[in-house]
Q: 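Can you read through this structure? Questions will come right after.
Every chain is numbered from 1, with letters handed out A, B, ... down the list of sequences. All values below come from the heavy atoms of this structure, side chains included, with hydrogens, waters and symmetry mates left out. Since this is a predicted model, take the numbers as computed values, not measurements.
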2 protein chains.
Amino acid sequence: MPKASPSNSKKLRRQEAEALILSAAEKVFAEAGFGGATMQLIADVAGLPKANLHYYFPTKELLYRQVVQNIFEIWLQAADVFDQAEGPEEGIGAYIDAKMEISRRHPNGSKVWASEVMHGAPVIQDYLETTLTDWTNGRITVIERWISEGRMAPIDPRHLLYMLWATTQHYADFGHQIETLNGSAPLSDAQWEAAKNNIKTIILRGIGALPTA
Amino acid sequence: MPKASPSNSKKLRRQEAEALILSAAEKVFAEAGFGGATMQLIADVAGLPKANLHYYFPTKELLYRQVVQNIFEIWLQAADVFDQAEGPEEGIGAYIDAKMEISRRHPNGSKVWASEVMHGAPVIQDYLETTLTDWTNGRITVIERWISEGRMAPIDPRHLLYMLWATTQHYADFGHQIETLNGSAPLSDAQWEAAKNNIKTIILRGIGALPTA
DNA sequence: TCTGAAATTGACCATACGGTCAGGATGCCT
DNA sequence: AGGCATCCTGACCGTATGGTCAATTTCAGA
């Protein structure tokens, strides 16, 4: 594994060093999983000696926890567009846009989160039970209001949210499969745009928030 | 980790032994990932000495490969309903039914597959490039025919397939998250039914294969 | 220039892991 | 009953991992 930075014998400020390590850790955890990732490999990717990692993050688990928390923060921010919207077409459309952008820009983060949840969320169970539960309930209230206002069909808000998460995160978590089916090439700008529009069209029309074609 | 079978000092037939090990391995790989899983833990779950595992499966990687292949076979079978259908409402509806049933009955298998793909498919890349590519292209042809026959809106078949995979497998891969948001309780029969119907309604209506509500 | 807190690092350790092996147990077939 | 292939298993081994530590370097502030 090559060094990420060829000449960084300079002393790093705490913030820079932590950011560098977290970035390397996110990549390695995404590619190998928690169990498959090694501190040595993370150190190599970051271009630092392994002992230096332990100086900033005492244990592998603490480092991992920090990575997962960072991702969660990004996701929560994407939710802001939801509440500011007038109706489902604008709100859900913007949410799909935001989540697809995250899938494209932070695929590693998405994978780490997916891996964590798939393994029973041993590290962030409390987040699921508190923050995520609250967030979900808040969005359900909004969707129910839209339904009562006749702006969309009476769809179960919970399962609609799951569908939004599933479809958008799929492009990050299963990106490798999608690239392979795309002739082993990354999706182009146009293909990402097509994917996004497809999701928006099908879901918005599916919940009766768009005029039928 | 307790023994799965309290008294199996009897000699096992090859087929039974392999099935027992594969079942235990699927569970452990799903819960811990490839790197996090240990042969010792798989052995404990299967109720066998570790050395016995290596008698049937020489290496951890070979055992893992077998687990992944088994899942892939199950998924391919679910595709049969697709081709036998008259149109999208029947074909895609039945496919969603089949895949949701798999998510419910084989959540561990789904997780192992997801984990494998997320980590770049190191073990089953050839399957993606051959079998899965062929399968996908075949289904795309069917969907394009439905579109040209005016049975559904002109949706990009590829992204529609990704959406079908994403939404159905989400209930297996993110089952823990869904259960937590369900008050830490597994989905009931009725809730599974509701999830299935929601997906079918939104997607089929979204692609113009259902009369609008 | 001096000082001390922060940062860096190579060497080291205990443990746990995947895998091996030799020898014993079992039971089918003649 | 006896022979033989299959099956089973405790003990063992080399390696790699997460983590520690003491010694050294760096640099901001006095």
Q: Answer yes or no: is there an ion pair linking B:K196 with B:E193, defined by an N-O contact shorter than 4.0 Å?
A: yes
Q: Can you list, in residue-number order, the parts of residues 32-40 of chain B that come under 4.0 Å of DNA chain D, counting heavy atoms only?
A: none
Q: Closer than 4.0 angstrom, basic N to acidic O: yes or no for B:E61 and B:R65?
A: no
Q: Write down the distance between CG (A:L53) and P (D:dG19), rounded to a whole number of angstrom.
A: 11 Å
Q: Quick one: B:Y55 OH to C:dA25 C1', roughly how many Å, whole number?
A: 13 Å
Q: I want to verify a distance call: between D:dT9, D:dC21, C:dG18, whose nearest atom is closest to the A:A51 side chain?
A: D:dC21
Q: Of the candidate nucleotides D:dG19, D:dC8, C:dT9, which contains the atom at the shortest distance from the side chain of B:N52?
A: D:dC8
Q: Going by an N to O cut-off under 4.0 Å, is there a salt bridge joining A:D97 and A:K200?
A: yes
Q: For A:K60 and D:dA16, give me the distance from atom NZ to atom P, rounded to whole Å.
A: 16 Å
Q: Measuring to OP1 and OP2 of D:dC7, would you say a side-chain N or O of B:R14 lies under 4.0 angstrom away?
A: yes
Q: Using the six-membered ring wherever Trp is involved, compare the ring planes of B:Y95 and B:F82 and label them parallel, tilted or perpendicular (cut-offs 30° and 60°).
A: perpendicular
Q: Using whole Å, report how far CD of B:E16 lies from C1' of D:dT6.
A: 14 Å
Q: Working to the nearest 0.5 angstrom, can you tell me the gap between B:I199 CD1 and A:L160 CG?
A: 11.0 Å
Q: What salt bridge (charged side-chain N to carboxylate O under 4.0 Å, His left out) pairs are there with at least one residue in residues 68-85 of chain B, not counting sequence neighbours?
A: B:D83-B:R139
Q: Figure out the CG/P separation between B:L41 and C:dG18, and round it to whole Å.
A: 10 Å
Q: Answer yes or no: side-chain N or O of A:K50 and base N or O of D:dG19 forming a donor-acceptor pair under 3.5 Å.
A: yes
